[in-house]
Amino acid sequence: MNRALGVCYYPEHWPEEMWAEDARRMVGAGLSWVRIGEFAWSRLEPEPGALDFGWMDRAIDLLGAAGLKVVLGTPTATPPRWMLDRHPDMLARDAEGRVRGFGSRRHYCFAHQGYRAESRRITALLAERYGANPHVAAWQTDNEYGCHDTTVSYSDAARDAFRDWLAQRYQSPDALNRAWGNVFWSMEYGAFDAVDLPNLTVTEANPAHRLAFRRFASDMVRDFNAEQVRIIRAHSDAPIAHNYMGRVTEFDHFAVGADLDIASWDSYPLGFLEDRVGDGPAHQRRHARTGDPDFQAFHHDLYRAVGRGRWWVMEQQPGPVNWAPVNPAPLPGMVRLWTWEAFAHGAETVCYFRWRQAPFAQEQMHAGLLRPDSADAPAMAEARRVADEMTALPEGGAETAPVALVFDYESCWAWEIQPQGAGFDHFRLVFETYRACRALGLDIDILPPDAAPGDGHRLVLVPGLFRADAARMARWVESGAVCLFGPRFASKTDDFAIPVPLPPAIPGLDVTVAHVETFRADSPRPLAGGGAVRHWLEALETTAPVIEATEEGAPVLVGAGRLQYLAGWPDEAAFARILTALCEKAGVETRVLPEGVRTRTHAGHRFTFNHGPEPREVDGGTLPPAGVCWTPLG
Ligand code: GAL
């Protein structure tokens, strides 16, 4: 698969006379893909049933004739205003019951059957017209499912569909009552139609009820997407992608990805640093112009798993964005670094968002490759440089990293519903595990919870996994890899109850969690070997050897043979020590990288990136801030 660059373009934003020159400049900059169409519904169908595809025909022809391949988006993230006259109840409602109105985007409820039919209709119109068009070389469904908190809706449509979903899953109200433990607080239901959504209750709703609703909401996204995919596939052989987001965990991306050919995501490193990474002000100050050193790489590896090996960056931040609390310009060189980092993690294509900065509407302060006056913006030169450099490097195939890390969307929902102590968050726990591995120079594959580790995975990490049946357990335990489970591993049943015998019940490892305590973020429990655990500590009953303990002598890491159990959430120092020892056991080489420096092996080379604001000495040379280098593996 050839590496390629591309750009997001909105022909409908510009006079048609500008298109040819735009296309010529795109090709001149070394770009080969152009994504269009994903918000264009009001121009494709200005009035209900009155179609105007002529301009889109001409845009695709012109871009294609210039030598560009088109990614065509379905426009369902932005239903036009007239849609509300047809389906006044299609809008989502938030948890307080307030309508999420028209005037921006993503104003639809995934469960609304009328809107689902509209989504199928417009998708079919596009697929029939362009499915055989030689210039349409890939498709994108909708745009960023779940962005702006749009997965979960508390509308009447969602309530009705949830009742159907419950009836299918539980078959009888009695079975539902038993599964959820509704005898508690007299919450028993006599009919599925009596079950409401778990919002607007006096105090917290039953966690089993809440989890069922979150599973339902995730299934609605999967189904919405699958309907579009089915229609496009009937008319086109081109691969189909969706563009996911950073740290959006409200739907199961593995489930959505199973219906698609390519996973892609939208990478805004500086925007995310402020509003999603979750570290304090010192970290934000330090990385204000370079972004977090691990957040992008984590998502590259996550979406490589979601795409079963095929993934892109569909939108790459090119300069200041408009939507974070503050919006600095990337340090010169970072756009090139981010692009190369994506390629080093196996991306097929990186597209910049967007071609020309729009002088109007919500994103008028968002940079593009061109300024509003069409002069080059700073990122253009960096994109051109990557395009020149790309040809010099061999292409890479799929390679297995030595470390596998399990990430699970359902666990995100479960621990959000029941954190038990402030700060227990599945994404954050997995991300900190990832970061600690990367600081040791490790390459990582992220695995969905139901995937078996590959032959090359010598160390498997399973932090904070909500549930594990015998089949899941067996895949890890019998893989032959060194495995680290916990904290909070397999601690609930499918329906959110504590299993008996008590967890984690790992075959071959005698350890039982007797009880759990959580504590304040400012009161970590120091470990005898240095560092500490934070947020969470399980009291273990075990005959296994104790590897790490608190200063007071409570076991924190226990293990025998290849299987180890972790009872708390380690801080940076404790994680580094624990992972170094595990790697040694697994025969995986580690090294301690200078702060802000990260590596990744790909295509027979080791890539090294400096995400910090100071120059760093690495491998006998100096890497400047925003520096990237690659050397052939010995
Ligand atoms: C993405 C979105 C784009 C654009 C961009 C701005 O989340 O897909 O349409 O809004 O953000 O940074």
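Both counts, for ligands and for their atoms, begin at 1 and track the order of listing. Sequential numbering from 1 along the given sequence is applied to the chain's residues.
Nearest protein heavy-atom neighbour of atom 5 (C) of ligand 1: Y268 OH, 3.3 Å. Summary of contacts: the protein heavy atom closest to atom 7 (O) of ligand 1 is E144 OE1, 2.5 Å. Protein heavy atom nearest atom 9 (O) of ligand 1, with residue, atom name and distance: R105 NH1, 2.9 Å.
Annotation: cation-pi pair R215/W413 absent, no NZ/CZ under 6.0 Å from the ring centroid and within 45° of its normal.
For S267 (side chain) and Q296 (main-chain N/O), no donor-acceptor pair under 3.5 Å exists by modelled atom type. A donor-acceptor pair is defined here as one N or O able to donate and one able to accept, closer than 3.5 Å; no such pair exists between the side chain of E274 and the backbone of V326.
In this structure, F298 and Y434 have perpendicular ring planes: the angle between them is above 60°, well past the 30° mark. F407 and F427 have perpendicular rings, their planes meeting at more than 60° on a 0 to 90° scale where under 30° would count as parallel.
Residues satisfying the side-chain contact (heavy atoms from CB on, under 4.5 Å) test with T150, not counting sequence neighbours, are R100, R106, H148. The side-chain contact (heavy atoms from CB on, under 4.5 Å) check on P378 picks up nothing, with sequence neighbours excluded.
Close N/O approach between N322 and ligand 1 is not found [any backbone or side-chain N/O within under 3.5 Å]. At least one N or O atom of H366, backbone or side chain, sits closer than 3.5 Å to an N or O atom of ligand 1.
In summary, the atoms of ligand 1 found under 4.0 Å from a heavy atom of D266, numbered by their order in the structure, are 8 (O). Those atoms of ligand 1 that come under 4.0 Å of a heavy atom in F39, given as number and element, are 9 (O).
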Exercise. Check step by step if ring-ring contact (aromatic ring centres under 6.0 Å, His included) holds for Y145 and F110.
Key: CA-CA 10 Å; Y145 294 135; F110 282 99; 5.8 Å; yes

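Across the listed options R106, H148, E315, E315 owns the non-hydrogen atom lying nearest to atom 8 (O) of ligand 1.
For M245, every heavy-atom contact with ligand 1 shorter than 4.0 Å involves the side chain, none the backbone. With a 4.0 Å cut-off on non-hydrogen atoms, E38 does not touch ligand 1 at all. With a 4.0 Å cut-off on non-hydrogen atoms, E363 touches ligand 1 through its side chain and not its backbone.
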